[in-house]
Amino acid sequence: MAESAACPAFQLGGARYDQGSFFGRLRHFIAIIDPSTLFVSEKQLKESIKLLDDYKHGSLPPGVSDLQLWEAQKIKQAIIHPDTGEKIFMPFRMSGYVPFGTPIVIGLLLPNQTVLSTIIWQWLNQSHNACVNYANRNATKPTPTSKFLQGYVGAVSSAVSIAVGLNVLIQKANKLSPATRMIIQRLVPFPAVASANICNVGLMRHNELSEGIDVLDNNGNVVGSSKIAARHAITETAFTRVVLPMPIFVLPPIIMSYLERLRFLQCNRRLLLPIHSVVCLVTFGLSLPVAISLFPQMSQIEVSCLEPEIAMATDCKVVTYNKGL
């Protein structure tokens, strides 16, 4: 009885937790970004996909529990793109975002940055973000390589320009005390990354705005291609990319500025980098599921808000689209 209460009846393509509430989405995405899925073998992945296919065709072996089916779907959702059906390259999966992105965050937040180090860390950060955005986009329409390259160059250029510009301004602010200047310099990455992230999402997924994305009826059938739904998808994703770096680039500098004044760390300076790394890892790990839980991945929109031709093609009042992550 306790197991059935904790584990609802399995629904193929459904969600184990209520996607209509923030906390339901939070539990869902904590499962999806579970770093342990990075270690799933090819054999385990194939077994999970086969189990889901057996369920779909009504040929499920006896004794398979709902919990096993939910776990199989979790593995598939963490590794396979919902639109292309192909494996997402490990560093660009949402489950790989924190493990592969934390070293870059640590670099961005290091004190006493030079112009060159700022450029290098911002380039690495936006390169990783660009690939994550592209790998987790709505892929119902093909994206030309030229569009990817244009978006990449635009995203990296904006991040570097903003970060370098802010650093130069701070260095010229002679009226600020050295301690104040250092704290502000540590906070510079946030506005630089947040604004660049908006550009990154918009530029990397610009093709969706011109081509539209597929919207689905209650039975999962494609009703049409909507540019309005694409605009909603990109706006929601861009908003999550502004919320995501907020705690990551604000809390560690504040925490570290306090910890560095402790006598123990002043006597053991070699511990500063490991502690800084742990603070960044924990903050990043907590921020990611919160940010992507703001909106459901499979979002809904009223047909009356979409193009007239879509409204004429279905009797449904609400349709669904893949927002992307």
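Nothing here was measured: the structure is a model prediction, and the numbers come from that model.
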Exercise for review: List in chain and number order the residues that pass side-chain contact (heavy atoms from CB on, under 4.5 Å) with V64, two or more places apart in sequence or in another chain; answer none if no residue qualifies.
Suggested key: L51, L60, P61, Q68, L69
Review point. Taking C-beta and beyond as the side chain, do N322 and Q297 meet within less than 4.5 Å on heavy atoms?
Key: yes
Check your understanding: Does L281 belong to the same Ile/Leu/Val/Met/Phe/Trp/Tyr cluster as L288, with side-chain heavy atoms less than 4.5 Å apart forming each link?
Key -> yes
Review point. Donor-acceptor pair, H128 side chain versus W123 backbone, under 3.5 Å?
Key: no
Point to revise | F10: partners by ring-ring contact (aromatic ring centres under 6.0 Å, His included), with sequence neighbours left out | key: Y55, W70
Practice item. Determine whether N221 and L216 make a side-chain contact, defined as any pair of heavy atoms from C-beta on separated by less than 4.5 Å. Key: no
Revision key, fill the gap. Of all heavy-atom pairs linking C305 and I228, the shortest is O-CD1, 3.5 Å
Review point. Taking the side chain from T102 and the backbone from P99, do they hold a donor-acceptor pair closer than 3.5 Å?
Key: no
Practice item. Can you sort out the partners of S21 under side-chain contact (heavy atoms from CB on, under 4.5 Å), two or more places apart, ordered by chain and number? Key: D18
Exercise for review: Under the side-chain contact (heavy atoms from CB on, under 4.5 Å) rule, what do L259 and H276 come out as? Steps first, then yes or no, please.
Suggested key: CA-CA 10 Å; L259 293 178; H276 181 218; over 6 Å; no
Review point. How close do F100 and L38 get, heavy atom to heavy atom, and via which atoms?
Key: CE1-CD1, 4.4 Å
**Study point:** Sidechain-backbone polar pair: S225 side chain, E211 backbone, donor-acceptor under 3.5 Å
**Key:** yes
Check your understanding: From L294 CG over to T237 OG1, what is the distance, rounded to the nearest 0.5 angstrom?
Key -> 11.0 Å
Review point. Under a single-linkage rule joining Ile, Leu, Val, Met, Phe, Trp and Tyr whose side-chain heavy atoms are separated by less than 4.5 Å, which residues share a cluster with I75?
Key: V40, L45, I49, I79, I80
Exercise for review: Count the heavy atoms of every other residue, nucleotide or ligand shown that sit under 6.0 Å from CD of Q44, and state whether that count exceeds 12.
Suggested key: yes
Practice item. Please tell me if the side chains of I234 and K323 come closer than 4.5 Å, counting only heavy atoms from C-beta onward. Key: no
Exercise for review: Return the set of residues passing side-chain contact (heavy atoms from CB on, under 4.5 Å) with Q11 (not counting sequence neighbours), or none when no residue passes.
Suggested key: none
Practice item. For D53, enumerate each residue passing the salt bridge (Lys or Arg N to Asp or Glu O under 4.0 Å) test, keeping only those at least two apart in sequence or located in another chain. Key: none
Practice item. Report the residues that fulfil salt bridge (Lys or Arg N to Asp or Glu O under 4.0 Å) with K56, sequence neighbours left out, ordered by chain and then residue number. Key: none
Review point. Can any side-chain N or O of Q126 pair as donor or acceptor with the backbone N or O of Y152 at less than 3.5 Å?
Key: no
Practice item. Of all the heavy-atom pairs spanning S226 and I310, show the shortest one and how long it is. Key: CB-CD1, 3.4 Å
Point to revise | Partner set under salt bridge (Lys or Arg N to Asp or Glu O under 4.0 Å) for K76, not counting sequence neighbours | key: none
**Study point:** Contact list for residues 291-325, test ring pair (Phe, Tyr, Trp, His ring centres under 6.0 Å), sequence neighbours left out
**Key:** none
Review point. So, do V318 and I301 sit near enough that their side-chain heavy atoms are less than 4.5 Å apart?
Key: no
**Study point:** Close side-chain approach of R93 to K87, heavy-atom, < 4.5 Å
**Key:** yes
Review point. Between R16 and H28, is there a donor-acceptor pair closer than 3.5 Å when you use the side chain of the first and the backbone of the second?
Key: no
**Study point:** Candidate pair I33 and V98, rule side-chain contact (heavy atoms from CB on, under 4.5 Å), full reasoning
**Key:** CA-CA 9 Å; I33 67 170; V98 172; 5.6 Å; no
Practice item. Quick one: which residue pairs count as a salt bridge (Lys or Arg N to Asp or Glu O under 4.0 Å) with a foot in residues 233-253, not counting sequence neighbours? Key: none
**Study point:** Shortest non-hydrogen separation from A291 to T240 and the atoms involved
**Key:** O-CG2, 3.3 Å
**Study point:** Pairing residues for P103 by the side-chain contact (heavy atoms from CB on, under 4.5 Å) criterion, not counting sequence neighbours
**Key:** none
Revision key, fill the gap. All heavy atoms of S157 vs all of V153, minimum pair found to be OG-O, 2.7 Å
Check your understanding: More than 12 heavy atoms of other residues, nucleotides or ligands under 6.0 Å from CZ of F239: is that the case?
Key -> no
Exercise for review: Walk me through it: do Q19 and M298 pass the test side-chain contact (heavy atoms from CB on, under 4.5 Å)?
Suggested key: CA-CA 9 Å; Q19 295 300 284; M298 297 306 295; over 6 Å; no
Practice item. Decide whether V105 and M246 are clustered together by the hydrophobic rule: side chain heavy atoms of Ile, Leu, Val, Met, Phe, Trp, Tyr closer than 4.5 Å, transitively. Key: yes
Point to revise | Student check: side-chain heavy atoms of S48 and L52 closer than 4.5 Å | key: no
Practice item. Would you kindly confirm whether L251 and Y258 end up in one hydrophobic cluster when ILVMFWY residues are joined by side chain heavy atoms under 4.5 Å apart? Key: yes
Exercise for review: Kindly write out the residues that satisfy salt bridge (Lys or Arg N to Asp or Glu O under 4.0 Å) with K317, not counting sequence neighbours, or none if the list is empty.
Suggested key: none
**Study point:** Joint cluster assignment, L124 & I119, ILVMFWY side-chain distance < 4.5 Å
**Key:** yes
Exercise for review: State, with a plain yes or no, whether a side-chain heavy atom of T320 is found less than 4.5 Å away from one of V215.
Suggested key: no
**Study point:** Derivation and outcome, side-chain contact (heavy atoms from CB on, under 4.5 Å), residues V132 and Y97
**Key:** CA-CA 8 Å; V132 169; Y97 203 7; 4.1 Å; yes
Review point. Any link between I32 and L286 through a network of hydrophobic side chains (Ile, Leu, Val, Met, Phe, Trp, Tyr) touching at under 4.5 Å?
Key: no
**Study point:** Beyond-backbone contact of L12 with Q73, side-chain heavy atoms, under 4.5 angstrom
**Key:** yes
